[in-house]
Q: 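Quick one: the structure is below, questions incoming.
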Amino acid sequence: MKLIIAEKNDAARQIAERLSTGKPKKDKVYNTAIYRFEWKGEECVTIGLAGHILAPDFCDSVLFDKKLGWYSVTEDGEMLPADIPDGLARPPYDTKRKPFLADGISIKGWKLESLPYLTWAPVIKLPAEKELIRSLKNLAKKSDSVIIATDFDREGELIGSDALNKVREVAPDLPVARAQYSSFTKAEITQAFDNLVSLDQNLADAGESRQHIDLIWGAVLTRYLTLAKFGGFGNVRSAGRVQTPTLALVVERERERMAFVPEDYWQIRGMGAAQGAAEDDRFKIAHKTARFTDKDAAEAAYGHVDGVATATVAAVTKRSRKQQPPTPFATTSLQAAAAAEGISPARTMRIAESLYMAGLISYPRVDNTVYPATLDLGAVVSDLAKINPALAPVCKKVLAGPMKPTRGKVETTDHPPIYPTGEGDPSALDGGQRKLYDLIARRFLATLMGPATIENTKLELDVNGEPFVASGDVLVTPGFREAYPYGLKRDEQMPPLEQGDAVDVFDIKLEAKQTEPPARYSQGKLVQEMEKRGLGTKSTRASIIERLYAVRYLKNDPVEPSQLGIAIIDALSQFAPRITSPDMTSELDGDMTRVERGEDTEEHVVTHSRALLAGVLDELLKHTQELGDAISDAVTADARVGACPKCGKDLVMKTSAKTRGSFIGCMGWPDCDVTYPVPSGVKVSPLEGEAAVCPECGAPRIKCQPFRQKAFEICVNPTCPTNYEPDLKVGECKVCAEAGRHGDLIAHKSEKSGKRFIRCTNYDDCGVSYPLPARGKLEATGETCPECGAPIVVVNTARGPWRICVNMDCPTKEKKPARGRKTTTKASAAKKTTAAKKTAAKKTTAKKTTAKKSTTKKTAADK
DNA sequence: GCAAGGTC
């Protein structure tokens, strides 16, 4: 039997289909899909891997000793020189700069002292896809020859080489060959398998050099930054060959914005309309001098038009222009287009993967922007019409047309550009999937359609001697726009006016403006910029940006660096500039090309890189204190929500050590005891200028961003009059009424805790009291709860009014979990609830830990 | 607890 190893299941299936005379038989070894067929009279089987099946990692069971070098300790305490493959690890004998630390240095724990050793630590390869490796070995034992048929590129050669090594463990003498193909056409696949070559170990070594260099630099710098100022577990400060230059791009743009000096300019604008036209038919007019840089000139011109009610049409010009249909989607252009529709690149890839797996779209990781001749475009369009009723009319038009597809600049033959397969059931898709599927389907149709024609009407007006202009675009021939409305501006229809006509003018205003700094990157633009600079690959860029958000170097969208992100770039560009520049990637590319060509070796390239890193680390270790302080200051600055009304120091977001909950506290603690609760369910950020201080109580006002809802601004102080009406009567006490006396229920706030509650004026007799939510201005309704008789109040949260029965024990509360954290009125009940909460918190933590563990395990098993 | 690259 001939064993054919492909990089992914899809490739395994396609190879089987192309080589087989009949239909290949789908089968399974353990849980792995395989395809059996006959080729040239021989029994064959293809198996698809899942990319890399081995993952490089440090060999952390070894220790370092200056005499022995790397060694391991046996159970009996015997010290044996470590058996390190490849000879890649070399103790730093040749770096005289660094004094040796005591013997027995381990690289296992994260310690600053061990980093010089980590720089030189041996790298081994651990199985990452255990299931697949098991299946692979099982097949290898039954085979009498093997063909490596992974993708024809550097990583593919490495994946093939790793697979071969695993095969060799059970079948050391199995004859091996390599099939090189760049597309899945029958001709290309047949040609590749008819002309087998041998595995290119140099190419695989080049790939492995990249793996090692990325791991070593990434691990050493990440551990260094994390340890320079340890911020507690879960606060890793990462660095890497791709992520750090990407972050630097964002920081650089932010610096340009900060350095930008705005310039004043003036605009004169208003509205115009054909005489007697309805208000809806008005159009914007502006002075022909779009930007006056001279204030006097602007005021002089405005003096001529201020209060003028009519103008004359001086000229009408019509010009039509063509908008060409877009090119087919490759990964980056899909990510950019989806980002413009509010789907982040990382989410785009997750959704695209699910659509691909469900068979609705073609393979989503492609650079190719030219449809292959073998793709039957017409068949796809008619299939698309069948499963998408909404697209059927436009599909019909496409089929009736000449159908000449557009083409982009990049042409490869491994995969077609991303297109809808015309199969599956799009009506079953959920929101995000549907949105992305529509984008892909409509883009595909657009690439087969004609240009759009847009007619522009330009009006020149004479407003009391001053030249004004108005302009409107109208889509006259929709062309591809019929299928692809994304980013299309709304029509601005100008009325049918002619030279000499009179026009009404309104609301002419002189506006003082300032020039704007360069815009921040959108996530889509950032992906494109990374591609332009050679950072990352189509498969990794999205996840790398996501990672930068996860470690809180980046925030918001458009992309903005945090103070921490800026501090990291400042520190690294000063002491480790290699890692902040995209040059490291281009240099690595050069190194790898030489390894590929046999002009250099993996060992030499990696060792050279280790030596460079050793120098960088030396430099960094001299400035750990300084760098740690900078990181620490930046983290504080990121947590700042405003100034303390009591002592003026910074108020920051803090995490309670006991409850792990967050609160807003003063940096002056313990001298200043000002604290506020954090609004729940929202992302909090500081405001600037006048808006940052509450005029009523002096506490900071903050911006709250709920998930996918409009942001709002509130005062952080829950007992501020802007949030709360004190001493409000919300009803009458039922218990007192039954006892034949009168008691009023009044809303209070505690001086001590700042907590809000309702209490009866005869509390000493009846003991009636109810808790209130921390925030939201109260309103009495005069109504009582039909279930329990307690008063009903309206709490005006910034997200809208919220009507509640104040009794926490009321049966109406059973239906939905309490939103507030307030406990019941009685002290015992309060205790109980607190205890329950603690248990719940513990449970959640335990759950999280287990979940995390199992995920780790799962990932390890998957890899 | 670390990177970046494949892919599920």
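Below, chain A is the first sequence line, B the second, and so on; all start at residue 1.
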Q: Whole angstrom is fine here: how far is it from CG in L225(A) over to P in dA3(B)?
A: 11 Å
Q: Give a yes/no answer on whether the side chain of Q211(A) brings an N or O atom under 4.0 Å of OP1 or OP2 in dA3(B).
A: no
Q: Calculate, to the nearest 0.5 Å, the distance between atoms OG1 and CZ belonging to T413(A) and F184(A) respectively.
A: 10.0 Å
Q: Determine the contact category for F230(A): base if any of its heavy atoms lies under 4.0 Å from a base atom, sugar-phosphate if only primed atoms, P, OP1 or OP2 are that close, otherwise nothing.
A: base
Q: More 5' along DNA chain B: G109(A) or R241(A), using each one's nearest nucleotide?
A: G109(A)
Q: Within the structure, does a side-chain N or O atom of R365(A) lie under 4.0 Å from either OP1 or OP2 of dT7(B)?
A: yes
Q: Need one value for S539(A): base, sugar-phosphate or nothing, where a base atom within 4.0 Å counts as base even if backbone is also close, heavy atoms only.
A: base
Q: Check the distance between dA4(B)'s P and L54(A)'s CG and give it to me in whole angstrom.
A: 20 Å
Q: Given dG6(B), is OP1 or OP2 found less than 4.0 Å from the side-chain N or O atoms of T537(A)?
A: yes
Q: G234(A) near the nucleic acid: base, sugar-phosphate alone, or nothing, with a heavy-atom cut-off under 4.0 Å?
A: nothing
Q: Has F233(A) got its ring stacked on the base of dG1(B), with centres under 5.5 Å and planes less than 30° apart?
A: no
Q: Tell me: CG of L158(A) to P of dT7(B), nearest whole Å?
A: 13 Å
Q: Check every strand shown and say whether G51(A) touches a base, only sugar-phosphate, or nothing at a heavy-atom separation below 4.0 Å.
A: base
Q: Can you identify which nucleotide, out of dA3(B), dT7(B), dC2(B), has its nearest atom closest to the D214(A) side chain?
A: dA3(B)
Q: What nucleotide among dG6(B), dA4(B), dC2(B) has an atom nearest to a side-chain atom of Q243(A)?
A: dA4(B)
Q: Nearest of dA4(B), dG1(B), dT7(B) to any side-chain atom of K8(A)?
A: dT7(B)
Q: Determine, using ring centers only, whether F152(A) and Y181(A) are less than 6.0 Å apart.
A: no
Q: Please classify the nucleic acid contact of S238(A) as base, sugar-phosphate, or nothing, using heavy-atom distances under 4.0 Å.
A: sugar-phosphate
Q: Any side-chain N or O of R547(A) below 4.0 angstrom from OP1/OP2 of dA3(B)?
A: yes
Q: What is the distance, to the nearest angstrom, from the CD1 atom on I47(A) to the P atom on dC8(B)?
A: 13 Å
Q: At 4.0 Å (heavy atoms only), tell me whether T226(A) reaches a base, stays on the sugar-phosphate, or touches nothing.
A: base
Q: From dA3(B), dC8(B), dC2(B), pick the nucleotide closest to the side chain of M357(A)?
A: dC8(B)
Q: Can you tell me which nucleotide in dC2(B), dC8(B), dT7(B) comes closest to the side chain of Y363(A)?
A: dT7(B)
Q: Measure OH/Y30(A) against C1'/dC8(B) and give the value in whole Å, please.
A: 21 Å
Q: Given salt bridge (Lys or Arg N to Asp or Glu O under 4.0 Å), test R154(A) with E157(A) step by step and report yes or no.
A: CA-CA 5 Å; R154(A) 196 193 294 136; E157(A) 208 72 9; over 6 Å; no
Q: For the side chain of H52(A), starting at C-beta, report the closest nucleotide among dA3(B), dG6(B), dG1(B).
A: dG6(B)
Q: Pick the closest DNA chain B nucleotide for R541(A) and for E353(A) by heavy atoms, then say which residue is nearer the 5' end.
A: R541(A)
Q: Nearest-Å distance, CZ (F58(A)) to P (dC2(B))?
A: 13 Å
Q: Looking at every strand, decide which applies to D151(A) at a 4.0 Å heavy-atom threshold: base, sugar-phosphate, or nothing.
A: sugar-phosphate
Q: Among dC8(B), dG5(B), dA3(B), find the nucleotide with the atom closest to the side chain of R210(A).
A: dG5(B)
Q: In whole Å, what is the span from the CE atom of M530(A) to the C1' atom of dA3(B)?
A: 13 Å
Q: What's R223(A) touching, base or sugar-phosphate or nothing? Going by heavy atoms closer than 4.0 Å.
A: base
Q: Any sub-3.5 Å donor-acceptor pair from T119(A)'s side-chain atoms to L115(A)'s backbone N or O?
A: yes
Q: Return the value, rounded to whole Å, for the distance between atom CG of D589(A) and atom C1' of dG5(B).
A: 13 Å
Q: Between T580(A) (side chain only) and P245(A) (backbone N and O only), is there a donor and an acceptor less than 3.5 Å apart?
A: no
Q: Would you please test L360(A) and L429(A) for side chain to side chain contact (heavy atoms under 4.5 Å, CB included) and show each step?
A: CA-CA 10 Å; L360(A) 275 83; L429(A) 299 176; 3.9 Å; yes
Q: Within the distance-only criterion (no hydrogens, no angle test), does the side chain of S632(A) pair as donor or acceptor with the backbone N or O of G628(A) below 3.5 angstrom?
A: no
Q: Hey, is the side chain of N9(A) pairing donor to acceptor with the base of dC8(B) inside 3.5 Å?
A: no
